[in-house]
Amino acid sequence: QDATLNLNVQGGWSSAGYYKDFEVPFWTERLPEVSGGRIGASITSLDASSLKGSEVFRLMRMGVIDFGTSALGYVAGDDPVNEGPDLAGVALDIETERKVLEAYRPELVRLYTEKYGIRPLFFYPAEAQVFWCNAPVTGLADLEGLKVRTGNRTVADFVSAAGATTVTMPFGEVVTSLQRGVIDCAVTGTFSGNAAGWAETATHLYPLVMGWSPFMYGANQRVWDALPEDVRALLTEEFDRFEDELWVAAARRNEEGLNCSTGGSCTFGKPFDMTLVPVTPEDDARRGEIVREVVLPAFRDRCGAACFDEWQARVGAFVDPS
Amino acid sequence: MPVVAIGLLLLLILLAVPVGAVLGLLGLVLDQVFTPMPMWRAIGEISWGASTEFTLMAIPLYILLGEIFLRSGIASDMYEALRKWLVWLPGGLMHANIAASTLFAATSGSSVATAATIGTVALPQQKKYGYGERMFLGSIAAGGTLGILIPPSINMIIYGVLTNTSIPQLYLAALLPGLVLATIFMMTIIAGAGLTRSGRVAERFSWTEKRAALRHLLPPGAIFVVIMGSIYAGIATPTEAAGLGVLAALVLAWSRRRLNAVLLMAAFENTMRTTGMIMLIVMLAYFLNFVLTGLGLSQVIADLLNGADLSPLQTILLVIAFYLVLGCVMETLSMMIATLPIVAPIVFAAGYDPVWFGVVMMMLVELAMITPPIGVNLYVVQGVRTSGSIRDVILGSMPFVLAILAMILFLVAMPDVVTMFAGG
Amino acid sequence: MIFLRKLSRLSVRIAGGCVLLCAAAIGIEVVMRRLFGLSLGGVDEISSYVFATGVAWSLAFTLLERAHIRIDLLYEQMPARARFAADLLGLLSLLVVSVVLLQQAAQVACTSWIFGTRSNTPLGVALWVPQLIWVAGLLFFTLCQLALLIALLRLARAGRIAHSGHLTGIRTHSEETEDYMSQRNTECQ
Ligand code: NA
Ligand code: NA
């Protein structure tokens, strides 16, 4: 390549994420184009690098990865602040989630700048994390006594508060475990569940939102600082645009995942005929209770009082769980 | 760069540097020479990630299960029973090798364990009855490879982890091809015995003896039922099923009054020795793959295949040829881990079913295990022998190499044979 | 050297025992989940730590038993001097890789300690604990390599190159057979 600057990018999952449709074109086509060939990039997916996702920001901190993306939830164990924009049952629609991320952004920026030496570039969600059940679920109360596969601690808090047994297992094991009844339900994104064929096995889709699995694109601070100023300005501008694109795409994918899986109109997902279980006002009230009584206190325990007050001040103000 | 990489790989391997060290060193050298990025610093995170993969816990569990089988005498009783039933066929005892491998494979996740176990109980017989040595050795080496095709299978679990494919579906899909391949192996033996007019033993057993021997097939049958039954009854995940298999094997050994501290300690030692051997390679193969991908080698290969504008059939034939060649010179676990993240997406994009390709991949790995110069089962069988050149094992395995190849091409021509069972 | 061998044997026995305990825990988990819909919680997670640490602590035993896979195609044909050189090269290569691995593994545990990292599961294990045991296993592996290297160089100085086989050589076929024969003996005990 003739590009004077070649950026090394660790992209997301190639299987169900934005990798092929958004990340690869952005880094390898649009950036060279808008920079007149000055910026080029090589990008690989998490699967191809056989990474788990949880090590991306640590590797970025060490300078092994220059630019890269990963879910905040994967590193929630490194610092509970990562759970802040993704608490179970808090942000029920994508507009709210975007506001949450905007409001909480300074906390995340502080965390990544200070703790990791990473410059956060932008944040974007996967899709709504919902329940895929192979059991005749009619509402939140029916989760009681069921075995539910969860992917992180805050969802596990919520699900056990609802009376279910939480089970952890690899993503690839979920479909057959649902089929055989090893588990009754599993929580994952509306579109990624559809893409992974969960709808083929699961019969009931219960769209109570357990989070949005937000991702962050970041750069190693030293690598970023070493870039010429005009390049940084150009990149920042492009990242803003890319971020907007990804939020629009997320909203579309979210609807598509829901509609396709439950017999609705379907353009790029896989059509299936699951039962869409309505979230009743009673369920919503119960959700508020669980969030107030279990999810938030558990987050406070992990995160500490100061961290929780910060969360309350920034996010709690406009997401009233009651 | 690919030339440097493959050249260095081959040189170090031929100089008898431990395979794990070769993979690690190759990763470190490529990183130093071809990029300013400190990719070597990822080796810690990647090794921790690889070794905490719960799914890989199945490796020590299956090895432990096999150890208990061998040490409690279940394996040799099973072999003896099969000998009584099959010795009359042209090729005689060699059929017992294949049948015993098949049965043992249904309880073991590893081809090395299968070949070593069956080799240990079968080889003394070859001396006793004076069979044509080469094909006898080949039948153990090839029969052993069934260990990873017939479920349960460690390699299938790794394939499932790497490609996000359902492991129970893989198991279900591989069962019939596994039995078919065992049958093809037996036909190969019959043909070989016919050509050389050898391998017939004038040994007959009465029906009473045969029927009495059947009970020795019950223990492996019971373990198979525990492992597969618990998966398909929805009681356990594949890794959990391996744990249940170990518990069941313990109960069997105890009921035979063979369970004691000596047996357990020896089983622990061999289990962890083999697990250490495998996992050093797995960790460093993950690391090497990370470096190769980071250097863009994967992208080069992917672009090459995508740019060639091949038909799906041409793509899969190219992939098969690729693994046939690579399998000759690479250890199988590292081969899978280092190449599948690149190759599998290409195959899937060409429209092939992940479960189907999983079964084909297992057969390609089986092939790699018995093709020279680097074929782990060749070495295992040679290892169990007391004398003679490895050339005997290599030549004896050749007919079976052709048999596996034929089976692979059959699956390419008739993909439904695999997929029709995978659905359930 | 004798001490290292004893320690390595002890460590694989403990590791193997832990693997068996994991199998038992898995069994209890499966039964409880089936019968009572309960989960012990985190059996898979604990097992994965047992696996990682058990493997790290087994690498040394595998080394001292000369069981790490090496390809003996050319090695078989080599004269004693060349074999010695190949053993030395193999050991040095392994040592380079192990030292880098050890150093970066220590980095992993250290980062977890500084960050206060906990696993993102209901169990919330402080990760530096299993990681430290893991690093210790890798350290033991590296130390055993150093001990082997010293022993090998001593042999060379004493001019007894031909005797290096039992330290670092590839297991010969008759040795393997003895191994299997001894297995059969334990069968009969
Ligand atoms: Na098997
Ligand atoms: Na080979």
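Given the structure is predicted, the values throughout are model-derived calculations rather than measurements. A, B, ... follow the sequence lines: proteins, then strands. Residue 1 opens every chain.
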Query raised in the report: Quick one: are Ile43(B) and Gln103(C) in side-chain contact, heavy atoms under 4.5 Å?
Result: no
Query raised in the report: Does a side-chain heavy-atom distance below 4.5 Å link Thr275(B) with Ser58(C)?
Result: no
What residue in [options] has the most heavy-atom pairs under 4.5 Å with chain C?
{"options": "Leu14(B), Thr271(B), Leu12(B), Leu264(B)", "result": "Leu14(B)"}
{"options": "Gly27(B), Gly243(B), Ser51(B), Gly20(B)", "result": "Ser51(B)"}
{"options": "Met57(B), Glu269(B), Met279(B)", "result": "Glu269(B)"}

Side chain to side chain contact (heavy atoms under 4.5 Å, CB included) with [X]: which of [options]?
{"X": "Phe268(B)", "options": "Leu20(C), Val12(C), Ile14(C)", "answer": "Leu20(C)"}
{"X": "Ser48(C)", "options": "Thr52(B), Leu56(B), Thr239(B)", "answer": "Thr52(B)"}
{"X": "Leu280(B)", "options": "Leu59(C), Leu63(C), Val97(C)", "answer": "Leu59(C)"}

Under a 4.5 Å heavy-atom cut-off, does chain C meet the side chain of [X], its backbone, both or neither?
{"X": "Leu28(B)", "value": "side chain"}
{"X": "Leu15(B)", "value": "both"}
{"X": "Val19(B)", "value": "both"}
{"X": "Ala248(B)", "value": "neither"}
{"X": "Leu284(B)", "value": "side chain"}
{"X": "Leu247(B)", "value": "side chain"}
{"X": "Ile281(B)", "value": "side chain"}

Query raised in the report: Using a cut-off of under 4.5 Å for heavy-atom pairs, which of Arg34(C), Arg13(C), His68(C) has the most such pairs with chain B?
Result: Arg13(C)
Requested in this report: Hey, could you give me the CE/CZ distance between Met277(B) and Arg66(C), rounded to the nearest 0.5 Å?
Outcome: 15.0 Å
**Report entry** Between SG on residue Cys18(C) and CE on residue Met272(B), distance to nearest 0.5 Å
**Finding:** 9.0 Å
Report task. Any pair with a residue in residues 236-249 of chain B that passes salt bridge (Lys or Arg N to Asp or Glu O under 4.0 Å), sequence neighbours left out, goes on the list, sorted by first then second residue, please. Result -> Glu240(B)-Arg33(C)
Query raised in the report: Which pairs, with at least one residue in residues 106-127 of chain C and sequence neighbours excluded, count as a salt bridge (Lys or Arg N to Asp or Glu O under 4.0 Å)?
Result: none
Query raised in the report: Does CZ in Arg256(B) sit with more than 12 non-hydrogen atoms of other residues, nucleotides or ligands closer than 6.0 Å?
Result: yes
Requested in this report: Quick one: closest heavy-atom pair of Phe54(B) and Ile26(C), and the distance?
Outcome: CZ-CD1, 4.3 Å
Query raised in the report: What pair of heavy atoms forms the shortest contact from Val30(C) to Ala236(B), and how long is it?
Result: CG2-CB, 4.1 Å
Query raised in the report: What residues of residues 128-153 of chain C sit under 4.5 Å from chain B when you count only heavy atoms?
Result: Pro130(C), Gln131(C), Trp134(C), Phe141(C)
Requested in this report: Would you please go through residues 104-112 of chain C and name the residues with a non-hydrogen atom below 4.5 Å from one of chain B, in numerical order?
Outcome: Gln104(C), Ala105(C), Gln107(C), Val108(C)
Requested in this report: For the pair Val22(B) and Ser93(C), evaluate side chain to side chain contact (heavy atoms under 4.5 Å, CB included) and give the outcome as yes or no after the intermediate values.
Outcome: CA-CA 7 Å; Val22(B) 173; Ser93(C) 306; over 6 Å; no
